[in-house]
Amino acid sequence: MLSRTGLRRVLVMLCITEIVSWGVLYYAFSVLSPGITRDTGWSSTWVTAAFSVGQVTAAGVGIPVGRWLDTWGPRRVMTAGSALAVPAVLGIAAAPSIPWFFAAWVLAGVAMAAVLYQPAFAALTRWWGRRRVIALTVVTLAGGLASTVFAPLTATLAQHFDWRHTYVVLACVLAAVTLPAHLFGLAGHWPAGEAAHHERPAAPGSVVRSRAFVLLAVAMSLAAFAAYAVVVNLVPLLTSRGLSTSTAALALGLGGIGQVSGRMGYGRLAALTSTRARTVLVFGASAVAIALLAVVPGPTVLVIAIAMVAGATRGIYTLVQATAVSDRWGAAHFGRLNGVLTAPVTLAMSLAPWAGTVLAVWLGGYPHMFLLLAGIGLVAAVIAATTV
């Protein structure tokens, strides 16, 4: 096992690399996409679709990445991911056509599977052992700062460079920070994982095929779909009710603060509840908050408060997902089990923004769409109640 100094080193390095990796590979796109559309003439639909394909790729590649994590540990996997992320971002910057742009985002998706939360969760779960909740909370709090740091940084760069050169600069930041941090900061013996409740760990194949695992994957995916469809569609919902764009954006931003607050309270929640109880509680609270957003038109202060509650449940969801496997089946095969569990969840998160917009059109407005999302979230809570 790593010493206390080694454990702190790993945690600090992962906090830094998660901020940079999420900032460059994920959040920068939302800032640069209008410029990409404007400068290239490509439709915003195609530009966004390329980004979504990257997320879907990350979901699929996450399954073998999980097996590699169990075998080799995070140092090799995350260093390789960083090494791949740099040419992927440079490929995005150099893309002369839509097919090239799509191919570059596919490559970025492979890199994301190896550098974002999944491998970081595996590293902290195995190295930190019984104290993993503390470490997981800290790294997700740091990851939550990625948009805070890189959205304004990317916007500032875009004021001085075009989107292509901005991505080149961000690729250099990625190379300078994450490559050495993963290579040298994650050095150390990769220990064997412990089983849950001191039992002999079950074979990963039998766990994946079990009723409990399948139901958990379904519940987690439905809850993720409902929660993350809200993120992109909250502003249109509020502006359709007469709020100004700036006020609606404020509600969304304060929801981000709620997200961080929710994560800070997860340790206390975990101490007071069982694994199943807190999963049901979080999914149910998310569904209620989404339903209230659908039916409460005002006053503005109340709507913002509800948005913050929705953000808090979304923040806690990340930690529920991070601990779902280890709390039930231990850490012995955490990488591969979490990879399989994360794949449908990531796919649901990738499709949620687009699907939410389509559902709003089909259902005749955003309030009806939010009610449907609340129903989906409630179904997730009911299914979670039947899991271990």
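All values below come from the heavy atoms of this structure, side chains included, with hydrogens, waters and symmetry mates left out. Heads up: numbering here begins at 1 and tracks the sequence.
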*Can you find a pair of side-chain heavy atoms, one from Val89 and one from Tyr167, that are under 4.5 Å apart?*
yes
*asked:* To the closest 0.5 Å, what do you measure between CZ (Phe370) and CG (Leu373)?
replied: 6.5 Å
*Under 3.5 Å donor-acceptor, Arg263 side chain and Ile316 backbone*: no
*Nearest 0.5 Å, what's the OG1-CD distance between Thr57 and Gln55?*
8.5 Å
*Atom CG of Leu124 and atom CG of Leu11: how far apart are they, to the nearest 0.5 Å?*
6.0 Å
*Taking the six-membered ring for Trp, are Trp329 and Phe213 ring centroids under 6.0 Å apart?*
yes
*Could you tell me whether a side-chain N or O of Trp42 sits under 3.5 Å from a main-chain N or O of Ser97, the two making a donor and an acceptor?*
no
_Between Val24 and Ile16, is there shared hydrophobic-cluster membership here, with clusters defined by ILVMFWY side-chain heavy atoms closer than 4.5 Å?_
yes
*Does Leu84 belong to the same Ile/Leu/Val/Met/Phe/Trp/Tyr cluster as Val20, with side-chain heavy atoms less than 4.5 Å apart forming each link?*
no
*asked:* Keeping His165 on the side-chain end and Phe161 on the backbone end, is there a donor-acceptor pair under 3.5 Å?
replied: no
*asked:* Same cluster or not: Tyr317 versus Leu136, using hydrophobic residues (I, L, V, M, F, W, Y) connected whenever any side-chain heavy atoms lie under 4.5 Å apart?
replied: yes
*Is it true that Asp327 and Arg278 have a side-chain N and a carboxylate O under 4.0 angstrom from each other?*
yes
*Okay, side chain of Thr17, backbone of Leu14: is any donor-acceptor separation there less than 3.5 Å?*
yes
_Full working for side chain to side chain contact (heavy atoms under 4.5 Å, CB included) between Arg314 and Tyr228_ = CA-CA 8 Å; Arg314 193 166 58 249; Tyr228 285 89; 3.9 Å; yes
*Using distance alone, with no hydrogens and no angle criterion, decide if Tyr266 and Thr318 have a side-chain donor and acceptor under 3.5 Å apart.*
no
*If you round to the nearest 0.5 Å, how far is CG of Leu153 from CG of Leu170?*
6.5 Å
*Mind listing the closest non-hydrogen atom pair of Ala380 and Ala223 along with its distance?*
CB-N, 3.7 Å
*asked:* Could you check whether any side-chain heavy atom of Ser43 comes within less than 4.5 Å of a side-chain heavy atom of Thr37, counting everything from C-beta outward?
replied: no
_For a side chain to side chain contact (heavy atoms under 4.5 Å, CB included) check, start with the C-alpha distance between Trp362 and Met369, then their side-chain angles and the critical distance, and finish with the verdict._
CA-CA 9 Å; Trp362 285 355; Met369 184 269 286; over 6 Å; no
*asked:* Within the supplied structure, the quantity of interest is the number of heavy atoms (other residues, nucleotides, ligands) at a distance under 6.0 Å from Arg241 CZ; does it exceed 12?
replied: yes
*Do you know which of Tyr26, Phe121, Trp22 makes side chain to side chain contact (heavy atoms under 4.5 Å, CB included) with Leu116?*
Trp22
*Mind listing the closest non-hydrogen atom pair of Val168 and Ala93 along with its distance?*
CG2-CB, 4.0 Å
*For the student: nearest non-hydrogen atoms of Leu293 and Leu237, plus distance*: O-CD2, 3.6 Å
*Show your working on side chain to side chain contact (heavy atoms under 4.5 Å, CB included) between Arg9 and Phe184 and close with a plain yes or no.*
CA-CA 10 Å; Arg9 167 177 50 80; Phe184 301 110; over 6 Å; no
*Check whether any side-chain heavy atom of Ile257 lies under 4.5 Å from a side-chain heavy atom of Leu254, and answer yes or no.*
yes
*Tell me, do Leu145 and Val260 make a side-chain contact under 4.5 Å, heavy atoms counted?*
no
*Is Thr71 reaching over with its side chain to a backbone N or O of Arg67, donor-acceptor style, under 3.5 angstrom?*
yes
*Please report the C-alpha distance between Arg126 and Asp70 in whole Å, then the side-chain angles of each, then the deciding distance to 0.1 Å, and finally whether the salt bridge (Lys or Arg N to Asp or Glu O under 4.0 Å) criterion is met.*
CA-CA 9 Å; Arg126 186 75 68 87; Asp70 282 340; 3.2 Å; yes
_Given 3.5 Å as the limit, does a donor-acceptor pair link the side chain of His182 with the main chain of Met78, or not?_
yes
*So if you build clusters from Ile, Leu, Val, Met, Phe, Trp, Tyr with side-chain heavy-atom gaps below 4.5 Å, do Ile383 and Phe283 land together?*
yes
*Check the side chains of Ser244 and Ser246 for a donor-acceptor pair under 3.5 angstrom, ignoring hydrogens and angles.*
yes
*Decide if atom OH of Tyr27 counts as having more than 12 heavy atoms of other residues, nucleotides or ligands within a radius under 6.0 Å.*
yes
*Gap between atom CH2 of Trp46 and atom CD1 of Ile36 - 0.5 Å precision*: 16.0 Å
*Residue pair Val110 / Val61: nearest heavy atoms and the distance that separates them*: CG2-CG2, 4.0 Å
*asked:* Is it the case that the side chain of Asn233 and the backbone of Ala229 share a donor-acceptor pair, with hydrogens and angles ignored and the cut-off at 3.5 Å?
replied: yes
*For residues Val309 and Ala289, report the shortest heavy-atom separation together with the two atoms involved.*
CG1-CB, 4.1 Å
_So does Ala151 get a backbone contact from the side chain of Thr154, meaning a donor-acceptor N/O pair under 3.5 Å?_
no
*asked:* Pair Gln321, Met220 - check side chain to side chain contact (heavy atoms under 4.5 Å, CB included), show working.
replied: CA-CA 7 Å; Gln321 179 190 348; Met220 297 286 291; 3.3 Å; yes
*Name the one of Leu337, Thr279, Val207, Thr323 that satisfies side chain to side chain contact (heavy atoms under 4.5 Å, CB included) with Arg328?*
Thr279
*For residues Arg132 and Ser326, is any side-chain donor paired with an opposing acceptor at under 3.5 Å?*
yes
*Just by modelled atom types, is the Ala142 backbone N or O under 3.5 Å from a matching donor or acceptor in the Glu18 side chain?*
no
*State yes or no: do Leu69 and Val340 share one hydrophobic cluster built from I, L, V, M, F, W and Y residues joined by side-chain heavy-atom distances below 4.5 Å, directly or via other members?*
no
*Co-members of the apolar cluster containing Leu378 [side chain, <4.5 Å]*: none
_Using modelled atom types and a 3.5 Å cut-off, is there a donor and acceptor pairing between side-chain atoms of Thr140 and backbone atoms of Thr137?_
yes
*Considering all heavy atoms, the nearest Pro74-Leu186 contact*: O-CD1, 4.0 Å
*Measure the shortest side-chain to side-chain distance between Thr247 and Leu238 over non-hydrogen atoms and say whether it is less than 4.5 angstrom.*
no
*How long is the span from the CZ atom in Arg4 to the CZ atom in Arg131, to the nearest 0.5 Å?*
6.5 Å
*Would you say the ring centroid of Trp163 lies under 6.0 angstrom from that of Phe29?*
no
